[in-house]
Amino acid sequence: MSESPLLPDRPKSGGTLYVTNSSGAVQRTVQVAPAAPVGQARTDPGFFRKLVGSLNVLRQPTRTAMVMSGVGAAALALDVAATANIGNPFLFANRRDTWKEISQRLEGGRADLWRGYFDEVSPNWQGEAKQALQTHLRFNTNGLFSVLNKVSGDMSTTMQGQYKEVLEYDLSVFAIYAASAPIFKTLTALSGTNPVARGALMAYVATFAGGLGNLVKQFADVYNGYETELNKLELKLNELRAAFWTGGDPDRGARELGIPSGVTDPGNINDDYWKRAPQHR
């Protein structure tokens, strides 16, 4: 008799896989290691904390200069808005990698499923059950894997884009403060006794405020752009709900997605439903 199980049952959290013959007798065991948790063991590199700390140091001479110029009220408001919008790009990078791991596991699971069918079932069995199982895998399970993998891939791509936009915005904010702080220090020191320096300070505050305004607009563009991306993802999630729930509505109950009971019934082995392939009789 072949050692191939009818439908091997892989433990979901590690343990022992029991390989049986067609009579259900255990022929051998395989130890399966627990799967590593998705999305763990990634450490925040601390970029955001260092950025905020450095930025707060640079903001001091900048805000002092705005107050001394006498025309910095609007600039102070923009200063608050621009710096309040900075974010931690690691949060998006972490989610990107988590969705990437999910996508990899889904694709690996689909490959394992098909290899299990073609390596274990197809060469060893004939009959209606074999065709029923193949139909179930091809038109039901495979489709579900496709929808899940599509959503996870799109989520990873969106998180990568958000990571990029947040990082670019953070660096843009830091760059304008890093470039302006030394100039503000110099003009502030001179403006108390030099009218020309005071005029230059007022002019530079106005220029700086314009730069902050552009940053606020940049953030608004990023926000609106990703509202659009999230709307697209919501439409894809509707496809996912439709695949798993009747009418796409959880209140109407889950679809019947399991393998037909006759396929997994050991009592059907060696009759017209499950027939051993000639080389295994």
Side-chain angles (χ1 to χ4, degrees), residues 36-67 72-105 148-185 204-238 240:
V38 175
Q40 295 189 10
R42 284 191 289 270
T43 304
D44 189 337
F47 163 82
F48 184 66
R49 292 191 298 274
K50 294 175 183 176
L51 176 75
V52 171
S54 300
L55 188 59
N56 286 335
V57 173
L58 295 171
R59 288 180 71 194
Q60 297 308 313
T62 303
R63 292 172 67 86
T64 299
M66 292 177 187
V67 173
L76 284 169
L78 289 170
D79 162 76
V80 173
T83 55
N85 288 332
I86 64 174
N88 187 351
F90 171 77
L91 298 178
F92 299 99
N94 187 38
R95 289 172 172 82
R96 172 202 64 195
D97 291 342
T98 296
W99 282 106
K100 191 157 49 177
E101 288 176 15
I102 293 173
S103 179
Q104 177 184 350
R105 292 192 179 197
L148 288 166
N149 205 17
K150 182 179 180 183
V151 169
S152 61
D154 288 341
M155 287 293 289
S156 181
T157 299
T158 299
M159 291 300 101
Q160 165 61 21
Q162 188 76 336
Y163 160 77
K164 174 179 176 294
E165 295 289 353
V166 169
L167 179 60
E168 288 181 351
Y169 180 81
D170 288 354
L171 294 178
S172 296
V173 172
F174 183 80
I176 192 173
Y177 278 89
S180 300
I183 298 174
F184 276 131
K185 281 184 178 180
Y204 195 76
V205 167
T207 301
F208 183 74
L212 293 179
N214 288 334
L215 286 174
V216 173
K217 181 180 181 303
Q218 177 184 342
F219 177 82
D221 291 341
V222 170
Y223 182 87
N224 290 329
Y226 277 88
E227 280 291 304
T228 301
E229 289 299 317
L230 290 174
N231 182 67
K232 293 178 181 178
L233 285 171
E234 185 176 3
L235 295 176
K236 290 182 172 61
L237 289 173
N238 287 339
L240 189 62

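The figures here come from the full heavy-atom set of this structure, side chains too, leaving out hydrogens, waters and symmetry mates. Because the structure is predicted, anything quoted here is derived from the model rather than measured.
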K.L.:
List in chain and number order the residues that pass ring-ring contact (aromatic ring centres under 6.0 Å, His included) with F184, two or more places apart in sequence or in another chain; answer none if no residue qualifies.
P.N.:
Y204, F208

K.L.:
For G87 versus V166, what's the shortest heavy-atom pair and its separation?
P.N.:
O-CG1, 3.5 Å

K.L.:
With no hydrogens and no angle check, is any side-chain donor or acceptor of N56 less than 3.5 Å from a backbone partner on V52?
P.N.:
yes

K.L.:
Compare all side-chain heavy atoms of L78 with those of L215 and state whether any distance is below 4.5 angstrom.
P.N.:
no

K.L.:
Return yes if some donor-acceptor pair links the side-chain N/O of S180 with the main-chain N/O of Y177 below 3.5 Å, else return no.
P.N.:
no

K.L.:
What is the minimum heavy-atom distance between L212 and A75, and which atoms define it?
P.N.:
CD1-O, 3.8 Å

K.L.:
Residues in side chain to side chain donor-acceptor pair (under 3.5 Å) with K236, at least two apart?
P.N.:
none

K.L.:
For residues M66 and V205, report the shortest heavy-atom separation together with the two atoms involved.
P.N.:
CA-CG2, 4.3 Å

K.L.:
Pairs in or reaching into residues 162-173: which pass side-chain hydrogen bond (donor to acceptor under 3.5 Å, both in side chains), with residues at least two apart or in two chains?
P.N.:
K164-E168

K.L.:
For K185, enumerate each residue passing the salt bridge (charged side-chain N to carboxylate O under 4.0 Å, His left out) test, keeping only those at least two apart in sequence or located in another chain.
P.N.:
none

K.L.:
Determine whether more than 12 heavy atoms belonging to other residues, nucleotides or ligands lie under 6.0 Å from atom CZ of F47.
P.N.:
yes

K.L.:
Taking only residues two or more places apart in sequence or in another chain, which ones pass salt bridge (charged side-chain N to carboxylate O under 4.0 Å, His left out) with K217?
P.N.:
D221

K.L.:
Which pair of non-hydrogen atoms, one from V216 and one from A81, has the smallest distance, and what is that distance?
P.N.:
CG2-CB, 4.0 Å

K.L.:
Without swapping roles, check the side chain of S156 against the backbone of W99 for a donor-acceptor pair under 3.5 Å.
P.N.:
no

K.L.:
Scan for salt bridge (Lys or Arg N to Asp or Glu O under 4.0 Å) pairs involving residues 47-59, sequence neighbours excluded, and state none if there are none.
P.N.:
R59-D79

K.L.:
For D44 versus G46, what's the shortest heavy-atom pair and its separation?
P.N.:
OD1-N, 2.9 Å

K.L.:
Under a 3.5 Å cutoff, is there a donor and acceptor pairing between the side chains of T98 and R42?
P.N.:
yes

K.L.:
Over all heavy atoms of both residues, which pair between A178 and P182 is shortest? Give the atoms and the distance, please.
P.N.:
O-CD, 3.2 Å

K.L.:
Might you work through the side-chain contact (heavy atoms from CB on, under 4.5 Å) test for L58 and F174, ending with a clear yes or no?
P.N.:
CA-CA 9 Å; L58 295 171; F174 183 80; 3.7 Å; yes

K.L.:
Salt-bridge test for E227 and K232: reply yes if a basic N is under 4.0 Å from a carboxylate O, no otherwise.
P.N.:
no

K.L.:
Would you say N231 and T228 make side-chain contact, with heavy atoms under 4.5 Å?
P.N.:
no

